[in-house]
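Notes to accompany the following structure.
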Amino acid sequence: MTEILQPRPGILDISPYIGGEAKIPGKADPIRLASNESALGPSPKAIEAYKALAGSIHRYPEGGSAELRAALGKIHNIDPARIVCGAGSDELIGLLTRAYAGPGDEVLYGRHGFLMYPIASLSAGATPIAVPEKDLTFDVDAVLKRVGPKTKIVFIANPNNPTGTYVSRAALKRLHAGLPPSVLLVIDAAYAEFVSRNDYEPGIELVNAASNVVMTRTFSKIYALAALRLGWAYCGVEVADVLNRVRNPFNVSAPAQAAGLAALEDAEALDRARKHNEIWRPWLENELRALGLALTPSVANFVLARFGEDAKGADAALSFLQSRGIIARRMAAYGLPEYLRITIGTESEMRAVVATAKEWVQAKRRAS
Ligand SMILES: Cc1ncc(COP(=O)(O)O)c(C=O)c1O
């Protein structure tokens, strides 16, 4: 009998993650608003720290990211021993899933939640369960109702990508209170720094209070270091121990550690990025609403706008934007085919988006 080479069950069910486009054929310098990257770019100090390591890239990095963890501990007033750094928060999402879920286990997430949750679940051999949302927002009650003996992990992106919506500190607390202690709650707070609501808490309080909670964070968004791949998890000592057993020994590169540390120390750059977002997100939301588009109320650095009655309509809008040099993100993979997601960019980029969206809406009106 000839046996053929096969990956584990579930692997071929994975739809590979398709990142935002970076190029438009024939357009030299497109406006890239498809990946929720930073509008302003990183702190100049982070760039300097990155460059300063050019002469020592023949050396392995310090494997525990100790200096970076100490700085994170200080800034957030948390224990560095309970922080684990990763090559982006994507890596940590994958490691947590592999460590706590496997064949026969279920991993719950919101229907329009970040796509890495089902991908990580399938690659661990576990079964991802997309729980319906309410008003494009994570539904705590629906998730708690769906938790059963097979549930091992609940993922919540808060705020969520791609909807931009969030759940309050109280709702998050209620979610945790309803979970058995054997279920790991992963709070993915990749966009936490952009949120300016009083009832929001990124997850630190819950991690402090319970051993079955992890908060993940990233340097890819407000700190503008997406290319370096740097994220971190804050969790109980037991989960930190597990992560440190399963991660690669040198999972975070030395330039990433150095640039991350410098970025953390540049409070002014952080403040600038926050203020920029606080001006241009509401501006973009208002302008797009004034054109008659429906938007979810975003607290992050992107907006989700309904550009079409169906996938065809949104795809036509996507192509129209592209024809004017603007790259937005198609949302069909998230079950939102009528929508496009647009990242907050620079002032001129935002003005270009609105002018182009206006042209699109007017052209559509004329055609109907
Ligand atoms: C909700 C959410 N979590 C995690 C990530 C991954 O971030 P990283 O670059 O740290 O892997 C993203 C990136 O888009 C995201 O939107």
Side-chain angles (χ1 to χ4, degrees), residues 16-22 32-39 42 46 65 68 72 83-97 107 109-121 123 128 130 133 136-138 153-167 172 185-195 200 202-203 214-234 243 247-248 251-253 256-257 259-260 263-264 277 296 298-304 327-331 333-334 336 341-344:
Y17 185 87
I18 300 172
E21 302 276 342
R32 294 172 56 176
L33 304 173
S35 297
N36 299 342
E37 293 154 343
S38 157
S65 306
L68 180 61
L72 285 166
I83 297 171
V84 180
C85 294
S89 44
D90 278 348
E91 184 193 22
L92 297 160
I93 290 166
L95 292 175
L96 287 164
T97 311
V107 176
Y109 66 104
R111 167 73 184 96
H112 306 293
F114 186 46
L115 276 180
M116 285 310 295
Y117 312 145
I119 290 177
S121 306
S123 90
E133 299 187 351
L136 298 181
T137 306
F138 187 97
I153 303 177
V154 173
F155 275 107
I156 175 171
N158 202 32
N160 182 50
N161 169 22
T163 54
T165 55
Y166 77 108
V167 306
L172 206 56
L185 174 61
V186 182
I187 304 165
D188 175 348
Y191 300 93
E193 295 86 353
F194 292 107
V195 187
Y200 174 78
V214 182
M215 173 192 69
T216 59
R217 302 285 284 262
T218 184
F219 279 85
S220 300
K221 306 300 175 185
I222 207 158
Y223 289 107
L225 299 177
L228 291 184
R229 315 304 304 124
L230 181 61
W232 55 285
Y234 176 53
L243 283 173
R247 70 177 176 85
N248 286 329
N251 61 334
V252 181
S253 75
Q257 291 183 37
L264 272 187
N277 202 61
T296 51
S298 172
V299 295
N301 70 331
F302 53 86
V303 301
L304 183 72
I327 309 178
R329 186 69 161 265
R330 196 169 178 263
M331 289 284 106
Y334 284 93
L336 299 164
R341 194 192 66 200
I342 301 170
T343 305
I344 303 307

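Counting starts at 1 for both ligands and their atoms, following the listed order.
Of all the heavy atoms of K221, the ones lying under 4.0 Å from any atom of ligand 1 belong exclusively to the side chain. By the criterion of a heavy-atom distance under 4.0 Å, the side chain of A190, and not its backbone, is placed next to ligand 1.
Y117 and D188 are linked by a side-chain donor-acceptor pair at a separation below 3.5 angstrom, with hydrogens and angles left out of the test. There is no side-chain donor-acceptor pair under 3.5 Å between R329 and N36.
Counting all heavy atoms, side chain and backbone alike, L228 lies closest to A259 at CD1-CB, 3.5 Å.
At least one side-chain heavy atom of V107 sits less than 4.5 Å from a side-chain heavy atom of F155.
Looking at T218 next to ligand 1, an N or O pair under 3.5 Å apart turns up. Looking at Y117 next to ligand 1, no N or O pair under 3.5 Å apart turns up.
Heavy-atom distances between F219 and ligand 1 stay at or above 4.0 Å for every pair. Ligand 1 has S220 within reach: a non-hydrogen atom of the residue lies less than 4.0 Å from it. Residue contacts with ligand 1: R229 is included, with a non-hydrogen atom under 4.0 Å away.
At a threshold of 4.0 Å, the pair R330-E21 does not count as salt-bridged, since none of the basic side-chain nitrogens sits closer than that to a carboxylate oxygen.
Of all the atoms in ligand 1, the ones that sit under 4.0 Å from a non-hydrogen atom of N161 are 1 (C), 14 (O), 15 (C), 16 (O).
D188 OD2, 3.4 Å is the protein heavy atom nearest to atom 2 (C) of ligand 1.
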